[in-house]
Amino acid sequence: MEQKTKTITQRKALEQKTELEQLSLPRTIHLVPMDIVGGFSIRPGFYDFNGATAIPGGVNFTVYSHGATSIELLLFHRMESEPFAILPFPQHYRIGNVYSMIVFKLNIEEFEYAYRVDGPYEPEKGLIFDRSKYLLDPYARAVTGQSSWASTAPRGQHYKARVVKDDFDWGSLAPPLIPMEDLIIYELHVRGFTNHGSSGVFSPGTFAGLLEKLPYLLELGVNVVELMPIFEFDEMQDYREVDGEKLYNYWGYNTVSFFAPNTSYTSSIEYNREGNELKNLISIFNQHGIEVYLDVVFNHTAEGNENGPFFSFKGFDNNIYYLLTPDGQYYNFSGCGNTLNCNHPMVHQMIMDCLRYWVTTYRIDGFRFDLASILGRNEDGTPMNKPPLLQAMAFDPILGDVKLIAEAWDAGGLYQVGTFPSWNRWAEWNGKYRDDLRRYLKGDEGMAQAAALRISGSRDIYDETKRNNASVNFITCHDGFTMYDLYAYNQKHNEKNGWNNTDGANDNNSWNCGAEGDTDDPAVLALRHRMIRNAFATLMCSRGIPMFLAGDEFCNTQFGNNNAYCQDNITSWLDWRLLEKNRDMFEFFKYMIAFRKKHRVLRANVSDGACGFPDTSFHGVQPWCRQFESHDRYIGVMFAGQQKGHRPQIVYIASNAYWEDLKVKLPELPAQMDWDIVANTWSAAQKPVPLDGSNFTIKPRSIMVLVAK
């Protein structure tokens, strides 16, 4: 009976299979034109391929809008301002809110494209559709008219896109996958890094020029370059002249297209292969063990508020892409006119698509998110408990190995250092590290306890599971003084920005060491250099992920400008002549980076301690200090640990922010162990010196690093 039942079941299955075969379902998709529009053969496209994609025989165009009533595709000859063809999407080519169309016999090298979108105009509801506007595809892989820096080509209303052929061969390249605690981040501006004539590169101000500096970066010892915005932006936005100086939107925190690289950063025009020069840079950096991170701006766009340009998102779904007040105005938590509505499902999807694109197509190793607290705001602007977008980034499979770093605040007053939603995946720019260390190092009273906590991993901010990986420690970054200026100016000097010195931060916690700005006083210059060494030695000996600004290693200056966002000139460009002038500073930076790499106990708590010492301990001029007093300006921080199969590592950081000599007693070491002084910022030259016993004198405003051997 059982065998009979089995036979009947098999026969029924065979009959069902035969019926399915008789349906003659195609095994492959044949792209046969179905309609003629504007003289072109078209058919419905691939609805889940956002943007414009080259396919055999034509190009697939897919775009979406929730509120549109109709969309037209505009085709242009290269660099022409009026379309040679206008192709309305047939209504039966629309599924849901997605319009998709394959246009046959289009050569991607012979056209550019944009859209026109029609729909209701009800500004009080945030609906401002305008069929007269040419709109840039939100998924554009390349933007036209931008290939030359400061070009006078028409912009805004006339942004157009190109179809990009992705034919870059990555070969068998594997990402470096450097552990978080081992990162040493070097923040730089692609143009400013090599644009000065002193850089000596063949292709100044470009990705290729940055690649030419690879030997320099390898010698310095950094293993991450973090690129300030390289998404396509408009440097001509807010262009003006002040005292004969041309001012641009130099930094690039005004995104035009999230999927397109800035083509003015390439050494040659890459028609329809935009991005290859950047990919080559990333590939070669990765081969040499250097990861590449992008500083990304998802908090706002270059469209600004109601007075800003109208070139893309406003025309597709203004009330969805932006956070709007109940009367249709723009919330401005970014300080730049508008705020992207990051947790709306459509915007959420676009941002995730964008990040996956940069990881899969460009092999980006990490992202730093500008004003990241905005990414956690709800559609009414209030902070969310578990923001869907941040959670999606934390658990997305494609982003599984990618470093995620948040600037955990925004211009709307939300400050989340230590409380940014992380799921143990997000690191944070630790603004408290910057502020506390600046104040302590210049000798402010009452900062010793805070400084010791920052050096030891900000244990008051991050719990043990996050301490090594969550805090990105920095004393300088693009936003603010350079490290030289931190000790050359008491006040900001932003007059050249044209805002009567009202822009930029006022709380710099800087000190000019006795003279404001440029000076020939050898005592002042010596003190400034010592203060820089103090700052960098502290940074390299702190638990957490260190980051510093390009040029700090050879005393680069912005002449006291702490907000050089508009200065496309010597104010922002690195002056490589300073490298030879201050070679001893470069050698000190190189020495301290190598020291950090050699001593893992500085980067992570490798065990509960070593040789009877706890993992972390604080010390005054006498050992074993539990709490620093408000008048203290000396701190000792000691790290001890032992990896399995390795010798114990014990490192003591002695920091004297006082202006007099101090006599210090070190913790007693076990028998047959002695202290070596391995770094002393009182001198530029570094050479290990054995210490006789456990007592030493530390000079004023200096730092000593000692290792037990």
Side-chain angles (χ1 to χ4, degrees), residues 179 181-182 184 219-221 223 451-452 455-457 467-468 473 530 533-544 546 584 587-625 634-656 661-699 702-709:
E181 62 265 24
D182 295 341
I184 300 172
E219 182 184 0
L220 179 59
N223 54 22
I455 292 170
S456 60
R467 193 169 301 148
N468 296 328
N473 300 329
R530 187 160 77 251
R533 292 193 292 269
N534 290 346
F536 195 71
T538 303
L539 183 65
M540 287 298 108
C541 291
S542 296
R543 289 269 176 90
D584 58 342
E587 294 296 331
F588 179 80
F589 272 56
K590 185 170 72 171
Y591 178 86
M592 290 307 305
I593 290 172
F595 178 76
R596 179 178 180 84
K597 290 181 177 180
K598 185 177 179 181
H599 293 84
R600 189 169 187 269
V601 73
L602 295 174
R603 311 191 302 274
N605 49 329
V606 296
S607 65
D608 292 333
C611 302
F613 298 138
D615 165 61
T616 306
S617 54
F618 295 159
H619 307 270
V621 292
Q622 295 295 317
W624 306 108
C625 174
Y634 173 87
I635 58 176
V637 178
M638 188 169 74
F639 298 116
Q642 184 170 9
Q643 291 177 264
K644 188 176 181 179
H646 294 77
R647 294 180 178 180
Q649 289 188 346
I650 303 173
V651 178
Y652 181 101
I653 301 99
S655 177
N656 181 17
D661 289 358
L662 292 176
K663 295 185 181 298
V664 180
K665 181 176 176 59
L666 292 165
E668 293 290 340
L669 292 172
Q672 299 184 359
M673 293 188 75
D674 296 295
W675 289 106
D676 275 2
I677 302 171
V678 295
N680 186 350
T681 64
W682 185 255
S683 169
Q686 301 304 310
K687 180 180 178 181
V689 177
L691 182 66
D692 185 11
S694 57
N695 297 291
F696 68 94
T697 298
I698 186 169
K699 302 295 285 183
S702 66
I703 287 175
M704 298 171 68
V705 182
L706 301 98
V707 172
K709 292 187 178 179

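- Atom CG of D676 and atom NZ of K687 lie 12.0 Å apart (nearest 0.5 Å).
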- Query: Please walk me through it: do I455 and I635 pass side chain to side chain contact (heavy atoms under 4.5 Å, CB included)?
  - Reply: CA-CA 10 Å; I455 292 170; I635 58 176; 3.8 Å; yes

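- The two residues P614 and A640 make their nearest non-hydrogen contact at O-CB, 3.5 Å.
- How far NE2 of H599 is from CE of M540: 14.5 Å, rounded to the nearest 0.5 Å.
- In this structure, CZ on F589 lies 10.0 Å from CZ on R533, to the nearest 0.5 angstrom.
- In this structure, a donor-acceptor pair under 3.5 Å is absent between the side chains of Q642 and S607.
- K598 contributes atom NZ, which lies 16.0 Å from atom CD1 of I593 (distance to the nearest 0.5 angstrom).
- The distance between the ring centers of Y652 and H619 falls below 6.0 angstrom.
- Taking all atoms of both residues into account, the shortest heavy-atom contact from K699 to W682 is CB-CE3, 3.3 Å.
- L666 has its side chain within reach of L691: a pair of non-hydrogen atoms, C-beta onward, lies under 4.5 Å apart.
- The CG atom of L669 sits 13.0 Å away from atom NZ of K709, with the distance rounded to the nearest 0.5 Å.
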- Task: Report the C-alpha separation of D615 and R543 in whole Å, then their side-chain angles, then the decisive distance to 0.1 Å, and conclude whether the side chain to side chain contact (heavy atoms under 4.5 Å, CB included) test is met.
- Result: CA-CA 12 Å; D615 165 61; R543 289 269 176 90; 2.9 Å; yes

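- Here the NZ atom belonging to K597 is positioned 13.5 Å from the CG atom belonging to L602, to the nearest 0.5 angstrom.
- Side chains of Y591 and V678 form a contact here, defined as non-hydrogen atoms less than 4.5 Å apart.
- Considering all non-hydrogen atoms of both residues, Q649 and V601 come closest at OE1-N, 3.1 Å.
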- Start with the C-alpha distance between E181 and R600, add both sets of side-chain angles, then the distance that settles side chain to side chain contact (heavy atoms under 4.5 Å, CB included), and finish with yes or no. CA-CA 9 Å; E181 62 265 24; R600 189 169 187 269; 3.0 Å; yes

- So F639 and C541, side chain to side chain contact (heavy atoms under 4.5 Å, CB included) or not? Walk me through it. CA-CA 10 Å; F639 298 116; C541 291; 5.6 Å; no

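- Defined by atom type and a distance below 3.5 Å, a donor-acceptor pair is present between the side-chain atoms of T681 and N534.
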